[in-house]
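This structure is a prediction, so every number in the text was calculated from the model and none was measured.
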Amino acid sequence: MRNGPHTMSIDKTYDPAATEARLYSKWEDSGAFACDPTSKVDPYCIMIPPPNVTGSLHMGHGLTFTIQDTLIRFARMRGRDTLWQPGTDHAGIATQMVVERELAKEGLDRRTMGREKFLEKVWQWKAESGGTITKQLRRLGASLDWPRERFTLDPALNRAVNKVFVQLYNEKLIYKDKRLVNWDPKMLSAISDLEVESKEIKGNLWYFHYPIDGSDEMITVATTRPETMLGDTAVAVHPENGKLKHLIGKMVRLPLTDRLIPVVGDEYADPEKGTGAVKITPAHDFNDFEVGKRHNLEMINIFDKHAILNENTPEKYRGMERFEARKQIIADMESLGLLEKIEPHVHAVPHGDRSGVPIEPWLSEQWYCDAKTLAAPALKAVEEGHTKFVPEQWTNTYYAWMRNIEPWCISRQLWWGHQIPAWYGPDGQVFVAHDEEEANAMAQKAYGKATPLTRDEDVLDTWFSSALWPFSTLGWPEQTPELERYYPTDVLVTGFDIIFFWVARMMMMGLHFMGDVPFRTVYMHALVRDAKGQKMSKTKGNVMDPLDIIGAYGCDALRFTLCTLSTPGRDIKLAPARIESSRNFATKLWNAARYCQMNECVWQADFNPASVKQTINKWIIGETVDAVNKVASQLDAYRFDLSSHSVYEFVWNVFCDWYLEFTKPILSGTDEAAKAETRATTAWVLGQMLKMMHPFMPYITEELWEHVVGDGTMLITTRWPSYDTGLATKEAQNEMNWVVRVITAIRGVRAELNVPASAKIETLVKGASDQTQKRLATHGALIERLARLSAIGETATTPANVAQTIIDETTFILPLEGVIDIAQEKERLAKECAKWAEEIKKVEAKLANPSFVDRAPEDVVEEHKERLENARAMVAKLGEAQKSLAA
RNA sequence: GGGCGCAUAGCUCAGUUGGUUAGAGCGCAUGUAUCACACACAUGAGGUCCGGGGUUCGAGUCCCUGUGCGCCCACCA
């Protein structure tokens, strides 16, 4: 009879843990995850957003990787040659901070260790903890092509980074500049604008008097940062400010210092703000820097890299930390009688997103990338539709940022990262080269002799190497078959929080170096929040660990839940109840499969769905085809919520609730031909369900595939169903819908009249058409079983005191005399009658409106007419039924 | 200051180019140990589609406006 593994009976309960461990290895070992660069079929590629190498899986990962895996599995089943490129990111600042913290526990400090020793430690740390995230990805069922795993600091990727750097430098798109940067005094590094987070701070506005030189007059300025006054080199007033413009050109004696500074006229000074006069500290404020440039002002840097006051400040303040200096200066100004007042003031203060400390605009020499130039083609590519955002509204966010893009500060004063490929000669001459050898050769040429060079100490912003990810992982700058085949990739799946950090920069670099966009579509998913909609955070204690959830409910339950909640434009509120219901869904499928096995519904490889004769089988095959197509088109539209819902509805509400119940009378009956056909159909439908569920719930479906099909194939690599839509017939659908309506109606009457579920009662039909007669002959046994009837008879007249329900032209009579409460039944009928009467009123009003009849499309009008007719018939029949009760 | 999103059942959310009686899950109520499944089955209750105005024969859906909530960017006088 049966052969292969499917002869093993399906256990009474599904054991996710055992299944997940076994099947993941089976898939991975079989090579199912691997792409085939030599293949002739269409490629499909997704680049993983590389998680931090030392990180561990959180719910945001859970979501993004579930979506990616769902897409990859779906594409794979549709016969595409899929590459889901795995890898991890070195995450410069984040990782360096983690390792520094670890070292601090041992009483070690990177500065005393030195660069080389420290980097050794970081690599060691990476070796120890770097596997965590990839192991966890496997637990999610992620079907990544593991042998192709890359790390952003791999030597090959370093070569790509250097090549890009050198070329952009030669094209003058990377340059060194001395200007204000966002300086993080804790990290002791410059950071980019994007790494700065504004935080609302309740501070003060201090009003200081500055004496005008050679007069008794004072000019008053307001500041939130008193300590910077030591670096003031001017006071600005608006050139048209009537009250203050007479001071332009005068000199001010800057208190606490001996310096004389000018009053300048500049439009930056807003007469409405503060006192109308503003102190100018060009070395410590971005706006003041611009004012300083316009007026050729001196720039006095008063901080060292720790934001401690330096030798450019009066001796008294030297060595003070910035906030300590602030207090002292306020006190000193007050004792000089130069503090006018203090006003409470709420303002935004920039903080380093990693260090959490206020950043300091600080004058230093850094490497910059000319993002404006690179952004132009990246903007155009989206405008022309070469890359599309889903949901579309993110396009605007992308545009807005790209159009106002500023130079990108790419150098970091860290050790962990790609060291900048620039070398300096003794005189400071710069040699930007692919490697030291090339730099030496350049120096030899420049100096006419071998000259020792020192390498730039800085490393590149992590996002610099991430920006190259879509092509560096494929082997660029080598012209590999992979690069040729998988670039541009199909879709990038990511959160909107890194649209600027990463998406925009991949676009810029991809277009510049590959001449094409890195991905055709960008799918932006939401943020995962807790059940109450709060952001998950350790401090709030509301973090849900995906691995805990997997342990408790199974991986498939978590994945399915995340998909169902993935509605575009809405954050995901992850409630345990939802995960539970997904787990229940998996159990439902499991039990349905058990039913099939118990009833010997055996998969037949040569089953032809067009050959079935039984209406229930024709019907379910049509429903299956519809469901498969619906799921596919919803997945194509990235509607994971709708597609998972469609799957759920079909499996539970169509297959389990109705079809399996329909099979029962046949499978326990005596018509062997019908039985055989139904068994084969059931197995076939179950197989199709496993296929359509597989992208969402890979484990349980693969496990059941072994039992149901058992021919040694793996579901992961089977083909997604594609059928002739002609398999769905309107007749079968109408007929089975009618059966469902009859059963539901009778059940409803029974329940409302409190007929015990165990009581089998008779029903009589009155006024049945030929079609209904025929249908009753076919499906009578089925209706009897599901509506718990003892028999279905016929009558020409309505007996007294019975319950009735009307389906189309037919009245179904439940002779419950003595059982039912007449008054209650009357009320039930009256209620239903009222509902239809309401409908009549509404539709009549519409049809009586001449402009509706004139202007609405004909079919809509026709439909309304039918509705009216139907409603009138219902009212008439219900009226009759009521009369029969009164008799 | 600039921009974006959301508001539908007690809760979480669907609702396609405007067109039957606005749907689902959870929760709730009632009943059921029925031979796949109590993580289940059956039946039911539950809605001012945020307020106001407009377009239209017809608006949950389109436009304007108001309110509430959330997010992004800019902003250290």
Using the P atom on both, measure B/A9 against B/U65 and round to a whole Å.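 The same atom, P, in both gives a distance of 26 Å.
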Any idea how [X] and [Y] line up, ring-wise: parallel (<30°), tilted (30 to 60°), or perpendicular (>60°)?
X	Y	result
A/F500	A/W401	parallel
A/F560	A/F696	perpendicular
A/H284	A/F303	perpendicular
A/F655	A/Y659	parallel
A/F496	A/W394	parallel

[X] near the nucleic acid: base, sugar-phosphate alone, or nothing, with a heavy-atom cut-off under 4.0 Å?
X	value
A/I359	base
A/P358	nothing
A/A348	base
A/W836	base
A/L642	sugar-phosphate
A/V221	nothing
A/R639	sugar-phosphate

Base paired to [N] (Watson-Crick or G-U; both N/O distances under 3.5 angstrom):
N	answer
B/A7	B/U67
B/A24	B/U12
B/A42	B/U30

Phosphate OP1/OP2 of [N]: any [X] side-chain N/O under 4.0 Å:
X	N	answer
A/R578	B/C13	no
A/H345	B/A77	yes
A/N287	B/C76	yes

Does the pair A/L338 and A/M218 meet the rule for a side chain to side chain contact (heavy atoms under 4.5 Å, CB included), with working shown? CA-CA 9 Å; A/L338 295 173; A/M218 295 281 190; 3.7 Å; yes
Summary of protein contacts for nucleotides 33-44 of chain B, nucleotide by nucleotide, where a base hit scores B, a sugar-phosphate-only hit scores S (4.0 Å, heavy atoms): -B-BB-BSSSS-
Look at the side chain of [X] and decide which nucleotide, out of [options], has an atom nearest to it.
X	options	value
A/R529	B/U12, B/A77, B/C71	B/C71
A/E839	B/G5, B/G25, B/U20	B/U20
A/H347	B/G19, B/C75, B/C76	B/C76
A/T224	B/C4, B/G25, B/C76	B/C76

Has the side chain of A/S198 got a donor or acceptor atom sitting under 3.5 Å from an opposite partner on the base of B/C75?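 Pair found.
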Would a distance-only check, ignoring hydrogens and angles, find a side-chain to backbone donor-acceptor pair under 3.5 Å from A/D266 to A/V291?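 Flag not set: sc A/D266 to bb A/V291 has no pair under 3.5 Å.
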Just by distance, with hydrogens left out, do A/S192 and A/E195 show a side-chain donor and acceptor under 3.5 Å apart?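 Yes, because at least one side-chain N or O of A/S192 sits under 3.5 Å from a partner of the opposite role on A/E195.
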